[in-house]
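Written below as structure tokens is the structure these notes are about.
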Amino acid sequence: MSKKNAGKKKNPVGRWFSRFFFGPSKEIEDLMKEEQVQSPMRTVLRNFRENKLAMTGLIIFLMIFLFVMIAPLFVPIDLGFSDSTQSNVAPGYDMMDYPDELKGNVKEIGASMTFAVGLSNDGKVYAWGKTQISKTIDIADIPEEVQNANIVQIAVGNDHVVALDDESNIYVWGNDRLGQTDVPSEVEEADNIKAIYAGNQCSAAILEDGTIEFWGNKNLADIKVQSDYQGQFEKIAFTGFAYIALLTDGSVAYTGRSTNAFSTVPEGLESGVIDIAASDACAAALKEDGTVVVWGSSTKGETQIPEFSSKPVAIRGGRYHFTALLENGDVIGWGGSNSFKETTIPGSVSSADIAEIFVGGYQNYAVDQDGTLYSWGLKGYLMGTDELGRDIFSRMINGGRMTMTVGAIAVIISTVLGIIIGGVSGYFGGAVDLILQRVTEVISSLPFLPFAMILSSIIGSTLSQQQRIYLIMIVLGILSWPSLARLVRAQVLSEREKEFVTAAKAMGVKEMAIVFKHILPNVISVIIVTATLDFATCMLTESSLSFLGFGVTPPQPTWGNMLNGANNSIVIQNYWWRWVFASAILGICTICINMVGDGLREAIDTKSNER
């Protein structure tokens with residue numbers, strides 16, 4: 001040994017320092033590469049990692065998979081929710097983006113279900129939110145005469161706006177198909193209008209003498225007036241299909257003509273009432289002593305009145321909730337599902353001295369003593385809503401989990417069946433192979449989608465929703481195994497003639513152990529690739545069945561049945577968000593899975609890899 005080589009051998013610290021900071025030497029790298037080539041699995045992984053397209057597909061798919069599996073824990077879905085007032089709302093969080101001109105300059109705000117209109121102290125009107133009522137009607141298109149007038153009051157309905165100027169002129173714009181703009185002559189000619197109101201396709205005006213006039217859709221709501229009450233009106237509040245009235249003597253009365261949940265006013269409201277409000281199906285009255293009385297058809301806990309830290313001085317009603325202003329400047333809300341945080345009072349509001357509140361739909365606005373404007377409640381939807389007013393984002397997340405779960409379980413079932421049938425058929429051959437291959441051909445000859453649709457329709461009609469989901473998984477799994485079984489059979493036919501099988505037989509190893517413990521590990525790569533590609537196929541098949549109405553049925557969402565309502569030209573042209581997001585995420589997942597499958601196939605095919 002030379003002195004030079006001996007010096008190198010006696011300096012292990014230097015070699016360790018070099019490897020730690022500069023990596024292994026070229027000789028060691030060559031050795032590692034040689035070892036990697038000798039390990040089939042390491043070779044496959046290396047080849048797969050070097051395939052940028054496949055790695056991109058894997059990363060994107062894993063991100064989507066983890067998101068749809070974890071996000072539902074934080075974005076729960078109410079399968080029973082539907083709200084026609086939120087139907088087909090476009091994407092965006094702009095429902096409460098009030099203009100800068102109203103900051104510190106608010107006189108009044110009227111909120112509808114998806115938009116709001118504000119009145120400044122100088123008589124100017126502003127609109128914001130989802131103001132598009134139809135393709136041709138936009139609430140934001142404020143008439144020129146309104147812009148030029150000195151407006152003193154505004155009232156906002158579900159699809160129209162009413163404004164009153166300082167000369168008692170009435171202006172109405174928005175939807176006019178059901179008489180919303182047909183202002184009675186008694187109101188148009190009056191010069192003593194005290195207050196205006198707007199509801200669901202109807203409006204009203206109270207004159208200084210206490211008389212009231214209604215106009216709009218009289219078939220939808222009871223907007224008739226018992227003549228005995230004319231001349232006594234102080235204030236009214238619209239519900240979804242009626243109205244209640246506060247009279248000049250401080251009593252609350254139902255002055256309409258129909259019998260409904262509001263027509264029987266609770267005892268104790270014959271006097272001393274200072275304010276009234278209404279939600280969609282409940283009415284509320286506030287008495288001088290701070291007592292709040294709620295009656296009607298409580299569907300979202302409107303009658304569960306909380307304890308107040310101070311005496312309420314004003315009360316307002318939204319879609320399913322009430323908000324009250326207390327004497328000490330605090331604000332409190334109750335009722336509703338609170339899915340839009342409409343009753344969760346922000347900390348900034350709790351710490352402020354609130355002077356006035358404005359409530360409508362799922363929105364709340366408050367103005368403090370300094371004129372600062374606060375807002376909380378429904379801001380909008382990230383991906384819009386469907387025809388029933390359901391949030392597409394939350395349904396897509398929960399639907400993705402269902403679609404992937406159905407696809408995964410179906411692939412597991414088909415893979416297990418394919419491995420067992422293909423392995424047994426290929427190894428034993430003869431009569432066993434003949435019988436199993438005929439069964440495989442029979443299953444393969446079945447028209448897949450029509451057969452699955454018929455089976456789901458016949459059996460699924462007698463099952464519950466959960467059982468129907470299990471049925472879809474089983475049907476997809478049972479009908480998807482023949483292709484894998486043929487591949488496994490072909491591989492086993494090749495492997496069973498090799499020496500290690502002969503050796504295993506000579507050692508007395510059981511036949512089934514030879515098939516599943518010795519032969520199958522050598523063909524596992526083919527199984528993995530096929531199962532990966534079948535996962536995408538099962539997802540597409542489940543989505544196709546659900547799209548056609550034979551898979552998982554609403555209200556349980558899947559990516560397929562979310563597209564079920566988007567199969568007409570009106571939806572495609574006007575409500576693009578109802579089909580773009582679901583189809584895009586399904587397409588991306590399928591493409592990514594196929595990219596991963598193709599990458600695995602190329603990585604396993606050693607003939608295509610050059611050293």
Side-chain angles (χ1 to χ4, degrees), residues 75-78 80-98 109-118 127-133 139 155-161 198-201 237-241 277-284 294 296-304 306 315-325 331-346 348-349 354 357-367 373-395:
V75 186
I77 185 172
D78 180 7
F81 176 85
S82 66
D83 189 344
S84 59
T85 65
Q86 302 297 305
S87 174
N88 297 319
V89 177
Y93 286 118
D94 57 350
M95 284 190 188
M96 303 184 77
D97 289 348
Y98 50 83
I109 292 178
S112 182
M113 299 302 169
T114 58
F115 66 89
V117 177
W128 63 91
K130 306 299 182 184
T131 58
Q132 194 77 35
I133 302 301
I139 294 296
V156 178
N158 284 4
D159 56 1
H160 68 290
V161 180
N200 187 9
Q201 300 179 356
F238 277 111
T239 68
F241 52 90
S279 65
D280 182 69
C282 284
V294 180
S297 300
S298 176
T299 58
K300 301 288 184 179
E302 295 96 323
T303 57
Q304 299 174 7
I315 187 169
R316 303 287 184 267
R319 174 68 164 160
Y320 294 115
H321 75 286
F322 290 102
T323 303
L325 174 62
V331 177
I332 190 168
W334 71 93
S337 61
N338 201 32
S339 55
F340 304 117
K341 306 298 181 183
E342 66 269 22
T343 59
T344 301
I345 310 301
S348 57
V349 176
I354 302 300
I357 56 174
F358 308 100
V359 180
Y362 297 101
Q363 302 177 359
N364 302 267
Y365 297 88
V367 180
L373 179 60
Y374 304 88
S375 63
W376 68 98
L378 176 60
K379 296 181 179 179
Y381 304 91
L382 180 63
M383 294 182 178
T385 64
D386 62 10
E387 74 279 8
L388 297 178
R390 299 173 298 192
D391 182 14
I392 289 179
F393 178 67
S394 63
R395 288 183 64 78

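Atoms considered below: every heavy atom in the structure, side chains included; atoms not considered: hydrogens, waters and symmetry mates.
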Among Ile109, Asn364, Ile315, side-chain contact (heavy atoms from CB on, under 4.5 Å) partner for Val359:
Asn364
Please tell me if the side chains of Ile354 and Val349 come closer than 4.5 Å, counting only heavy atoms from C-beta onward.
yes
Exactly one of Thr303, Val294, Ile332 clears side-chain contact (heavy atoms from CB on, under 4.5 Å) with Phe322, and that residue is Val294
Below 4.5 Å, heavy atoms only, C-beta onward: do Phe238 and Asn200 meet side chain to side chain?
no
Work out which heavy atom in Tyr381 is nearest to a heavy atom in Met95; give both atom names and the distance.
CE1-CE, 3.8 Å
Do side-chain atoms of Gln86 reach the backbone of Met113 as a donor and acceptor pair under 3.5 angstrom?
yes
Nearest-0.5 Å distance that lies between atom CD in Gln363 and atom CZ in Phe358:
13.5 Å
Using the side chain to side chain donor-acceptor pair (under 3.5 Å) rule, pick out the option among Arg319, Lys300, His321 that qualifies with Asp280.
Arg319
Closest non-hydrogen contact found for Gly157 with Ala198 is N-CB, 3.4 Å
Which heavy atom of Trp128 sits nearest to which heavy atom of Thr131, and what is that distance?
O-CG2, 3.5 Å
Return the NE2 to CD distance between His160 and Gln201, rounded to the nearest 0.5 Å.
9.0 Å
Ile345 side, atom CD1; Tyr374 side, atom OH - distance, nearest 0.5 Å
13.0 Å
Distance in Å, Met96 CE paired with Lys379 NZ, rounded so as to fall on 0.5 Å steps
7.5 Å
Main chain of Glu302, side chain of Trp334: is a donor-acceptor contact present, judged purely on distance under 3.5 Å?
yes
Qualifying residue, where the test is side-chain contact (heavy atoms from CB on, under 4.5 Å) with Val89 and the options are Asp391, Ile392, Thr385:
Thr385
With no hydrogens and no angle check, just 3.5 Å: does a side-chain donor-acceptor pair link Ser339 and Asp78?
no
Tyr365 and Tyr98, any side-chain heavy atoms less than 4.5 Å apart:
yes
Hey, are Asp94 and Lys130 close enough for a salt bridge, meaning a charged N less than 4.0 Å from a carboxylate O?
yes
Given 3.5 Å as the limit, does a donor-acceptor pair link the side chain of Asp83 with the main chain of Ser87, or not?
no
Do Ser112 side-chain atoms and Phe115 backbone N/O form a donor-acceptor pair below 3.5 Å?
no
Going by heavy atoms in the side chains, are Val331 and Ile357 under 4.5 Å from each other?
yes
What distance do Asp159 atom CG and Thr114 atom OG1 have between them, rounded to the nearest 0.5 Å?
10.0 Å
Aromatic ring pairing Tyr362/Tyr320, orientation class (parallel under 30°, perpendicular over 60°, tilted between)
tilted
Closest approach of Gly296 and Cys282, non-hydrogen atoms and distance?
C-SG, 4.2 Å
Side chain of Ser394, backbone of Ile77: donor and acceptor closer than 3.5 Å?
no
